[in-house]
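Scroll down for the structure; my scribbles are underneath it.
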Amino acid sequence: MSVAQITEAQISLIVDRFYGAVRTDPILSEGFSPITDWDDHLQRMRDFWSSLLLATGRYKGNPVALHLIHATRIHPEMFERWLALWHRVTLDTVPADVAAELQIKARRIASRLTSALFGAEGPNLLSIRSTKPAQPYKSTPIFDESTIPEPLLRSHQLRRGTWAKLTVLAGNLRYHQYSRPPSSAEIHSSVIIPPEVPHHLEIVGPVKCQLHFYDHKPHLDCSIVIERKDNA
């Protein structure tokens, strides 16, 4: 699959996930604080990427001019953070080859913006290379709250040498891991499940999710908040 085959639905999903993470990021949220109408911003970003990737021509704005208006709120390190977050979201949303192309395009955009904002003092973002991750050797179908296999909802563990990445595509799940100390987490994006560690999933509402299996520790797309149960 090439980036030319990406769908509008995938573009929307990437944009929504990405800016959902941006809004809670301790570094990036400052630069986006002037935005008061996020629905409008998200639609403009969908139009931007649709125009860039599918040549739809929907986007009519000027990104450089808009960033110059808010230049006092923007710092060079924000772009490296922006690219790192984009890398994670694209990697977890579309196939690895498409994600790599999206990351190249994002680096070019960031390079143009940093050049306009900071000149020669800006970071050399084109030197940051994406790495294409190894593919999982097996992936499950996409489950919802009614089709998640019952064994996943009770304590079990992966065999030695097998890692899994649980990806939540919509909604959320609760992941319980019986490590030392035990922990649990509300999963909105992804979590890495290590071998030989008992765990189970808990359905907390409507959800769509998928499991990917690896013979090595895979890349984690986004961080999650772990709640330790020290007294359990």
In terms of relative ring orientation, are His41 and Trp38 parallel, tilted or perpendicular, with 30° and 60° separating the classes? perpendicular
Does the ring centre of [Y] sit less than 6.0 Å away from the ring centre of [X]?
| X | Y | result |
| --- | --- | --- |
| Phe18 | Trp49 | no |
| His200 | Tyr178 | yes |
| His156 | His199 | yes |

Any idea which heavy atoms bring [X] and [Y] closest together, and the distance?
| X | Y | answer |
| --- | --- | --- |
| Leu173 | Glu202 | CD2-O, 3.6 Å |
| Val89 | Ile14 | CG1-O, 3.8 Å |
| Leu158 | Trp163 | CD1-C, 3.9 Å |
| Tyr175 | Ile187 | CB-CG1, 3.8 Å |

Worked verdict on Asp92 versus Arg17 for side-chain contact (heavy atoms from CB on, under 4.5 Å): CA-CA 10 Å; Asp92 196 54; Arg17 284 184 171 182; 3.8 Å; yes
All side chain to side chain contact (heavy atoms under 4.5 Å, CB included) counterparts of [X], not counting sequence neighbours:
| X | answer |
| --- | --- |
| Thr147 | Phe143, Asp144 |
| Ile142 | Leu169, Lys208, Gln210 |
| Leu153 | Ile148, Leu201, Ile203 |

Could you go through His212 and Tyr214, starting from their C-alpha distance and side-chain angles, then the distance that decides it, and tell me whether this counts as side-chain contact (heavy atoms from CB on, under 4.5 Å)? CA-CA 7 Å; His212 308 279; Tyr214 299 79; 3.8 Å; yes
Determine whether a donor-acceptor pair (N or O, by modelled atom type, separation under 3.5 Å) exists between the side chain of [X] and the backbone of [Y].
| X | Y | answer |
| --- | --- | --- |
| Ser115 | Ser111 | no |
| Gln43 | Asp39 | no |
| Ser29 | Thr24 | no |
| Gln10 | Thr7 | yes |

When you compare the side chain of Gln177 with that of Val197, does any pair of heavy atoms fall below 4.5 Å? yes
Just so I know, are the side chains of Val168 and His188 near enough to count as touching, which here means a heavy-atom distance under 4.5 Å? no
Are Ile109 and Phe48 close enough, and set up right, to give a side-chain contact (heavy atoms from CB on, under 4.5 Å), and what steps lead you there? CA-CA 12 Å; Ile109 293 167; Phe48 172 81; 3.7 Å; yes
